[in-house]
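Order of listing sets the numbers, starting from 1, for every ligand and every atom in it.
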Amino acid sequence: MQTFRDIFQYHLNTGKHTCETLAGKCGISVARLDAFLASTASPGVEELTLLADALAINPADLMPDETNTEKGIRYMSARESKATIREIYRKKGNREIHYYSYRDTAFSKSTPHAKGVILDIRCTAEDDVVQNNGHFQDALTLVLKGRIKGYWVDGSGRSFSRVLETGHSYFARGYVPHTYRSFSDQDIGQILSFTFTQHISGEVQKDLSRLGNDRAKENISSTNPYSNLLSCHMNNSMLKIPELAEATGIERTRIAAFIELNVIPAFYELDAIANALNISTGELIPVISDSDNGLIHLTQAESLKKLRRLRDAQRNVRYEVRDLANTKEASNFRAHHITVSSDVISDNYDIFSTEHTLIFALKNQARLTWLFDGQSHSIELQEYDSVYIEPFIRFTLTSSNRGEVVRFQYPSLSAGDARKEMFIKGTPAIERLVSEQRPWADRQTSK
Ligand SMILES: [Fe+2]
């Protein structure tokens with residue numbers, strides 16, 4: 001875990017500073033800066049500002065992370081979850097309508113881009129329905145109890161509604177306006193909604209905000225995602241259509257059609273273009289959506305068709321796993337319903353995820369056993385308990401009464417392109433990324 005000294009050393013290195021050169025710039029003594037590097041002193045708020053100004057970075061970039069996990073997990077009991085309930089009212093005309101009761105599930109401070117909430121749908125009358133404005137995150141929602149009606153508005157402003165029942169799950173793209181109601185006060189529906197973003201983190205939002213609306217929109221200025229990526233890399237590589245045609249042997253008119261018309265290049269053409277641009281072919285392939293205008297809806301019966309039985313070495317079934325409404329749009333995000341059908345602990349901790357995990361206990365009991373720093377730990381999960389599990393933690397689930405859990409798996413910020421870049425840099429680089437202990441060169445002096 002990075003301490004202030006690691007972060008300070010990292011920024012000294014990237015800014016090509018020693019304590020001596022920085023002292024002159026920031027007005028803090030060399031002795032005190034040395035003490036920061038020796039971890040015998042920590043900067044005050046004013047010193048942080050002086051350091052950030054001298055290093056040309058934001059003070060927040062110097063702040064170490066805070067975590068709320070213990071031994072790799074964060075557990076929240078059903079009772080703790082219930083204590084977080086807040087009642088939400090919405091206005092319709094002069095009326096205040098009791099709309100939702102929200103409660104939290106286990107969450108990690110290190111992943112503010114993802115959260116699971118349980119909603120009791122208090123609104124029951126068609127007349128009381130008030131559409132929201134849509135929210136930034138995508139959402140994968142599972143109906144826990146009852147029958148509800150969901151309403152949403154697509155990108156062209158058309159309104160839709162659909163009845164959703166216990167066990168149904170659905171994916172809704174971010175910023176799609178949506179709302180729900182139950183059918184009666186005697187049958188209040190309840191949903192578990194996991195909201196997340198894959199690659200558009202807070203840092204990306206800050207970046208777009210710095211660009212402003214006009215320039216931010218240029219990221220997606222074309223109507224064709226292939227054309228958008230191709231134009232972007234041609235501009236950056238300073239190659240125009242004639243040079244690209246020459247380098248690839250693809251007709252000029254065909255390249256123009258990729259850019260100006262909705263013509264999709266074949267893979268071998270993308271490969272030739274990528275070679276000419278000196279980039280990886282994957283950089284030219286966009287995300288292909290399989291959703292119906294931002295919405296995927298899976299009934300319980302459809303989900304059951306995706307059931308598979310995972311077995312141990314003795315061929316006994318350990319888990320009955322089925323997909324919830326997963327989508328190509330969010331390929332690093334996965335949601336599964338798991339029935340745990342064995343009470344024998346597997347010695348190989350058979351569930352492993354490279355990403356963040358939230359386990360929500362749906363029905364009966366399940367025991368979570370996980371490995372952290374070579375030690376085994378275990379916790380019994382009752383209905384509506386939840387656990388956040390850090391990436392790369394091996395764990396196993398057992399149950400004597402076919403406990404059912406939902407597993408949400410959402411990408412860590414070091415997944416995807418960051419993982420590919422780290423692979424190229426290699427293991428020694430990872431050690432320095434985790435904790436920078438060394439200056440970029442030894443025995444430097446300055447005058
Ligand atoms: Fe929502």
Side-chain angles (χ1 to χ4, degrees), residues 81 84-92 97-107 111-126 128-183 188-202 205 289 291-299 324-327 329-330 333-335 356 358 360 362 384 386 388 406 408-411:
S81 169
T84 67
I85 289 182
R86 54 268 185 199
E87 304 299 337
I88 301 295
Y89 291 78
R90 281 192 187 161
K91 272 203 148 155
K92 188 150 191 187
I97 295 143
H98 190 188
Y99 219 83
Y100 297 139
S101 309
Y102 280 99
R103 72 181 93 164
D104 296 333
T105 59
F107 62 92
T111 63
H113 57 292
K115 215 162 234 193
V117 284
I118 299 169
L119 278 80
D120 294 303
I121 318 279
R122 304 277 173 201
C123 172
T124 53
E126 184 91 46
D128 290 347
V129 167
V130 188
Q131 198 68 260
N132 73 5
N133 298 320
H135 42 68
F136 160 61
Q137 294 102 326
D138 296 337
L140 193 300
T141 302
L142 173 70
V143 182
L144 296 176
K145 279 182 193 165
R147 238 171 119 243
I148 58 171
K149 195 165 179 184
Y151 303 79
W152 76 99
V153 179
D154 76 0
S156 325
R158 290 177 302 173
S159 294
F160 299 90
S161 68
R162 193 172 289 186
V163 173
L164 306 159
E165 298 183 15
T166 307
H168 286 207
S169 63
Y170 49 96
F171 165 83
R173 192 186 293 158
Y175 291 125
V176 169
H178 59 280
T179 194
Y180 313 98
R181 75 171 172 96
S182 294
F183 283 94
I188 290 292
Q190 190 181 56
I191 58 177
L192 169 62
S193 196
F194 192 86
T195 56
F196 62 96
T197 168
Q198 292 207 100
H199 302 297
I200 306 180
S201 66
Q205 275 185 296
S289 172
S291 79
D292 179 10
N293 224 337
L295 194 99
I296 285 193
H297 173 204
L298 211 64
T299 63
L324 300 185
N326 295 324
T327 161
E329 260 183 62
F333 174 87
R334 295 289 94 164
H356 300 281
L358 176 75
F360 178 80
L362 205 56
Y384 283 44
S386 53
Y388 160 80
V406 182
F408 296 107
Q409 177 193 282
Y410 54 105

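With ring centers used as reference points, Phe360 lies 6.0 Å or more from Phe408.
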Could you walk me through whether Phe196 and Phe333 pass the ring pair (Phe, Tyr, Trp, His ring centres under 6.0 Å) test, one step at a time? CA-CA 9 Å; Phe196 62 96; Phe333 174 87; 3.8 Å; yes

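Less than 2.8 Å away from the Fe ion (ligand 1), the protein contributes these N/O/S atoms: His135 NE2, His178 NE2.
By the 4.0 Å N-to-carboxylate-O rule, Arg103 lies close enough to Asp120 to be salt-bridged with it. Here Asp128 does not pair with Arg122 in a salt bridge; the nearest charged N to carboxylate O distance is not below 4.0 Å.
In this structure, Arg158 forms no cation-pi arrangement with Phe160, as its terminal cationic atom is not both closer than 6.0 Å to the ring centre and no more than 45° off the ring axis.
With Thr166 contributing its side chain and Gly146 its backbone, the two residues share a donor-acceptor pair below 3.5 Å.
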